[in-house]
Amino acid sequence: MNRTITIQHYESPCGKLLLGSCDDKLCLCNWQGKRHRQIVDERIRNGLQASFEEGVSDVTANAAVQLDEYFGGKRTVFDMPLLFVGTDFQQSVWQLLPEIPYGQTLSYAALSLRLGRPEAVRAVANANGANALSIFVPCHRVIGSNDRLTGYGGGLAAKMFLIKLEYLVTQMDSL
């Protein structure tokens with residue numbers, strides 16, 4: 001392992017995040033704590049054949065600024081270079097997530113249809129849950145077909161916070 005993933009901590013209004021960069025791209029924006037973090041960290045570390053090193057890179061510093069703007073209601077679109085680490089199927093799901101408009105939600109079934117795989121709802125849900133770039137790749141915008149919130153790496157309270165934040169910002173913008 002001769003590559004390095006530079007990681008820094010970020011305190012959001014709805015929980016602690018771990019930001020990570022490798023090869024001048026953001027590869028990690030993951031919720032700290034819980035089992036989810038270890039699974040994602042291991043996949044990133046193994047997939048990039050890299051080790052973690054605490055510090056601040058230009059990429060993670062820029063990610064923190066963009067997150068500050070997002071949580072402050074001043075940013076609705078991110079412009080970070082992203083590095084996806086996962087299977088081809090997972091990456092195809094993650095590529096669709098930024099297409100869900102800010103302030104809106106989409107069901108797992110509808111996301112499966114957009115992918116052209118209507119029978120793959122469960123696989124799409126699993127890929128969504130494996131997203132290592134939370135918020136930047138807005139997996140929080142995907143909900144159950146019955147409009148109910150379902151699992152989220154940062155917990156359902158964080159998912160609700162993000163959905164409400166985006167809804168309120170879009171409502172304020174329309175005034």
Side-chain angles (χ1 to χ4, degrees), residues 1-57 59-60 63-64 66-67 70-71 78 80-100 105-109 111-112 114-115 117 119-145 148-163:
M1 288 194 201
N2 32 351
R3 293 169 89 184
T4 300
I5 302 165
T6 304
I7 56 170
Q8 82 175 67
H9 301 272
Y10 178 85
E11 186 75 42
S12 84
C14 57
K16 295 177 182 181
L17 291 162
L18 187 66
L19 304 175
S21 69
C22 185
D23 300 336
D24 295 322
K25 294 181 180 176
L26 189 69
C27 62
L28 189 64
C29 179
N30 195 25
W31 299 97
Q32 294 188 25
K34 299 189 183 180
R35 183 176 87 102
H36 184 260
R37 174 170 173 212
Q38 286 129 355
I39 293 168
V40 171
D41 285 358
E42 186 175 319
R43 186 182 77 239
I44 299 294
R45 187 175 30 250
N46 292 339
L48 295 176
Q49 297 184 339
S51 58
F52 289 119
E53 181 179 297
E54 291 224 20
V56 177
S57 69
V59 172
T60 60
Q66 290 193 27
L67 285 170
Y70 170 83
F71 285 113
F78 295 102
M80 294 294 306
L82 303 176
L83 177 59
F84 293 107
V85 180
T87 66
D88 289 344
F89 180 79
Q90 288 171 328
Q91 290 186 42
S92 68
V93 172
W94 299 334
Q95 295 287 341
L96 288 177
L97 296 175
E99 295 176 13
I100 304 170
T105 57
L106 189 71
S107 72
Y108 293 102
L111 188 59
S112 296
R114 284 190 183 184
L115 188 62
R117 303 273 308 272
E119 77 291 350
V121 175
R122 182 164 283 191
V124 165
N126 287 335
N128 194 64
N131 175 25
L133 290 160
S134 290
I135 304 174
F136 289 93
V137 178
C139 54
H140 62 275
R141 295 180 189 154
V142 184
I143 60 173
S145 296
R148 295 181 98 171
L149 297 187
T150 57
Y152 186 63
L156 292 182
K159 186 171 189 167
M160 178 59 77
F161 180 96
L162 298 170
I163 290 170

For Asn30 and Val40, indicate whether the former's side chain and the latter's backbone hold a donor-acceptor pair under 3.5 Å. no
Residue pair Ala130 / Arg43: nearest heavy atoms and the distance that separates them: O-NH2, 2.7 Å
Closest heavy-atom pair, Leu26 versus Leu133, reported as atoms and distance to 0.1 Å, is O-CD2, 3.7 Å
Between Tyr152 and Cys139, what is the shortest heavy-atom contact and its length? CE1-SG, 3.7 Å
Would you name the heavy atoms of Ile5 and Cys27 that are closest together and state the gap between them? CG2-SG, 3.8 Å
Keeping Gln91 on the side-chain end and Gly86 on the backbone end, is there a donor-acceptor pair under 3.5 Å? yes
Could you state the interatomic distance from OG1 (Thr150) to CG (Leu156), rounded to the nearest 0.5 Å? 7.5 Å
Give me each pair satisfying ring-ring contact (aromatic ring centres under 6.0 Å, His included) with a member in residues 121-144, each pair once, sequence neighbours excluded. Phe78-Phe136
Quick check: does any side chain N or O of Trp94 sit under 3.5 Å from a backbone N or O of Val85, one acting as donor and the other as acceptor? no
Partners passing side-chain contact (heavy atoms from CB on, under 4.5 Å) against Glu119 (at least two apart in sequence or in another chain): Arg117
Please report the interatomic distance OG(Ser134) to CG(Leu67), rounded to the nearest 0.5 Å. 10.5 Å
Test applied, side chain to side chain contact (heavy atoms under 4.5 Å, CB included); reference residue, Pro138; option that passes from Leu97, Thr105, Leu162: Leu97
Contact check, side chains of Leu96 and Val124, non-hydrogen atoms, under 4.5 Å: no
Working to the nearest 0.5 Å, report the span between CG of Asp41 and CG of Asn46. 10.5 Å
Considering only heavy atoms from C-beta outward, does the side chain of Tyr108 approach that of Val93 to under 4.5 Å? no
Within the distance-only criterion (no hydrogens, no angle test), does the side chain of Glu11 pair as donor or acceptor with the backbone N or O of Lys16 below 3.5 angstrom? no
Let me confirm one number: the CG-CD distance from Leu17 to Gln8, rounded to the nearest 0.5 Å. 11.0 Å
One should read off an interatomic distance between Cys22 SG and Arg45 CZ, to the nearest 0.5 angstrom, of 12.5 Å
4.5 Å side-chain heavy-atom contact, Ser92 and Leu115: yes
Would you call His9 and Leu18 a side-chain contact if the rule is heavy atoms closer than 4.5 Å? yes
Applying side-chain contact (heavy atoms from CB on, under 4.5 Å), name anything that partners Ser57, two or more places apart in sequence or on another chain. Thr6, Ser21, Val59, Thr60
What pair of heavy atoms forms the shortest contact from Ala64 to Tyr10, and how long is it? O-CE1, 3.7 Å
Counting only N and O atoms by type, is there a donor-acceptor contact under 3.5 Å from the side chain of Lys25 to the main-chain atoms of Phe84? no
Answer whether the closest heavy-atom distance between the side chains of Phe71 and Ile135 falls below 4.5 Å. yes
Any idea which heavy atoms bring Ser12 and Trp31 closest together, and the distance? OG-CZ3, 3.9 Å
With rounding to the nearest 0.5 Å, note down the distance linking CG in Leu106 to CG in Leu111. 5.5 Å
